[in-house]
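Structure first, commentary second.
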2 protein chains.
Amino acid sequence: MPPRTSSPMPSSKPTPVTMDAVYTAPGYLFRRMQQIAVALFIEECRAFDLTPVQYAALVTISTHPGIDATRLSAVIAFDRSTLGNVIERLQAKEFIARKPSPEDKRVKLLYLTKAGASVLNEIMPAVDKAQARMLQPLKPADRKTLLSLLTQLVDLNNEASRVPLRAEDALEHLGRSG
Amino acid sequence: MPPRTSSPMPSSKPTPVTMDAVYTAPGYLFRRMQQIAVALFIEECRAFDLTPVQYAALVTISTHPGIDATRLSAVIAFDRSTLGNVIERLQAKEFIARKPSPEDKRVKLLYLTKAGASVLNEIMPAVDKAQARMLQPLKPADRKTLLSLLTQLVDLNNEASRVPLRAEDALEHLGRSG
DNA sequence: GCCATATTGTCAGTATACTGTCAATTAAAT
DNA sequence: ATTTAATTGACAGTATACTGACAATATGGC
């Protein structure tokens, strides 16, 4: 961040504020891009009644059948409290089913239903289209650069959020069956 | 987006899904960075009782005294409905005041209070620190590149969100006094 | 085996976001 | 001038997010 003033001397006068304090802040730009990304996802996937978060949860349950809510939250780095409601909605739509774990009475295991597997398969092209659209305005080389820097940044800042991502391999040694 | 399969022939078989369908999607990465950006902002600004959105609103009211809620929403590209609650909270904290417009009985004009101007002045260093922290893990040259690409992308996708940004100059010719 | 500790799912409370709607008011059309 | 359009702020409803708490259950140290 460049300094907001170029005063050569320290001063107690109020700093003059400009809109640059908003527009050039990376946090503001990330917020805008998130809004845009969600809007494009919803637009492309209107026919499927799935939000971006619900899609991510569905993909993860598909690749990790029998995962529980806490581990699901770690694999996609979504808040555990938030995920409770997401799971409820996916269950209400009958895209997933929950079964109590025989090993741990606290845990409820998550599985895709036929309808869930079906909608996941069908929504893929629309999701890809939305993801492509949000980078479309950039030149192909710039898209690659941005995606690379973004991936690095998310990874390097992993511990900064409440729910850091703990990918599959990081979960294996925590597993009840491993 | 790379194709999810490398099948040489069209097929009706279900596509094998991997976590890449989540992890490599730009929309997912933007969501993560937004989470991280908010977490860092809240952490650095804990002493000031201001959220990122409230901060952006306060900056804008500071640079546009007497702006109304609808124009405020256009200048920072936040949803009008959402902004109503944000304004209420800023008013409850006595950081802003609302006065009815003498020219238009529908409109309520927004002004910073002394306390609002004061908190805005005091929070600046913490905000700058948070913004710097989220890019810190990258090399300086990469930070510049990312910020540049991100700025371009937000600008070029401006119309994709519900509330496109209409900056100050775009508002002037809509103004009641212009 | 018992007790302190940790984990799981859940819940209440707050704060963004978006959709759609509405009454009051203003501006535009004719 | 009167009907029509658009605008403004507000509201209800849904969906993320995070904080902090809680009961039920598991696990570890001893």
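Keep in mind that what you see is a predicted model, and the values were worked out from it rather than measured. Within every chain, numbering begins at 1; the chains are lettered A, B, ... in the order of the sequence lines, protein sequences first and strands thereafter.
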When you check the phosphate oxygens OP1 and OP2 of dT7(D), does a side-chain N or O of Arg80(B) lie under 4.0 Å from one of them?
-> no
How do Ile36(B) and Lys93(A) order along DNA chain D: which one's closest nucleotide is nearer the 5' end?
-> Lys93(A)
Answer yes or no: is there a donor N or O on one side and an acceptor on the other, between the side chain of Tyr111(B) and the main chain of Ser62(B), under 3.5 Å?
-> no
Of all pairs that satisfy side-chain hydrogen bond (donor to acceptor under 3.5 Å, both in side chains), the ones with a partner from residues 91-100 of chain B, not counting sequence neighbours = Gln54(B)-Lys93(B)
Taken to the nearest 0.5 Å, the spacing of Leu29(B) CG from Leu149(A) CG works out to 11.5 Å
Is there a side-chain polar atom (N or O) of Thr82(B) under 4.0 Å from OP1 or OP2 of dA15(C)?
-> no
Expressed in angstrom and rounded to an integer, what is the separation of Gln34(A) atom CD from dC18(C) atom C1'?
-> 12 Å
Please state how far atom CG in Asp104(A) lies from atom C1' in dA6(C), giving the value in whole angstrom units.
-> 12 Å
Asn85(A) has an atom CG; how far is it from atom C1' of dG9(C), in whole Å?
-> 12 Å
Distance, rounded to the nearest Å, where Arg89(A) contributes CZ and dG13(D) contributes P | 16 Å
Can you check whether Lys108(A) has a side-chain N or O nearer than 4.0 Å to OP1 or OP2 of dT10(C)?
-> yes
Look at Arg106(B) and dA6(D) and indicate whether a side-chain polar atom (N or O) is within less than 4.0 Å of OP1 or OP2.
-> no
Taken to the nearest whole Å, CZ/Arg32(B) to P/dT16(D) is 17 Å
Among residues 44-54 of chain B, which contact DNA chain D at a heavy-atom distance under 4.0 Å?
-> none
Would you kindly give the CZ-to-P distance between Arg98(A) and dG9(C), to the nearest whole Å?
-> 7 Å
Phosphate oxygens OP1/OP2 of dG20(D): is one of them under 4.0 Å from a side-chain N or O of Ser81(A)?
-> no
Counting only Watson-Crick or G-U wobble pairs whose two distances fall under 3.5 Å, which nucleotide matches dA5(D)?
-> none
dA10(D) P sits how many Å from Asp79(B) CG, rounded?
-> 14 Å
Test salt bridge (charged side-chain N to carboxylate O under 4.0 Å, His left out) applied to Glu43(B) - qualifying residues, sequence neighbours left out = Arg133(B)
Rounded to whole angstrom units, what separation is found between the CG atom of Asp68(A) and the P atom of dT25(D)?
-> 16 Å
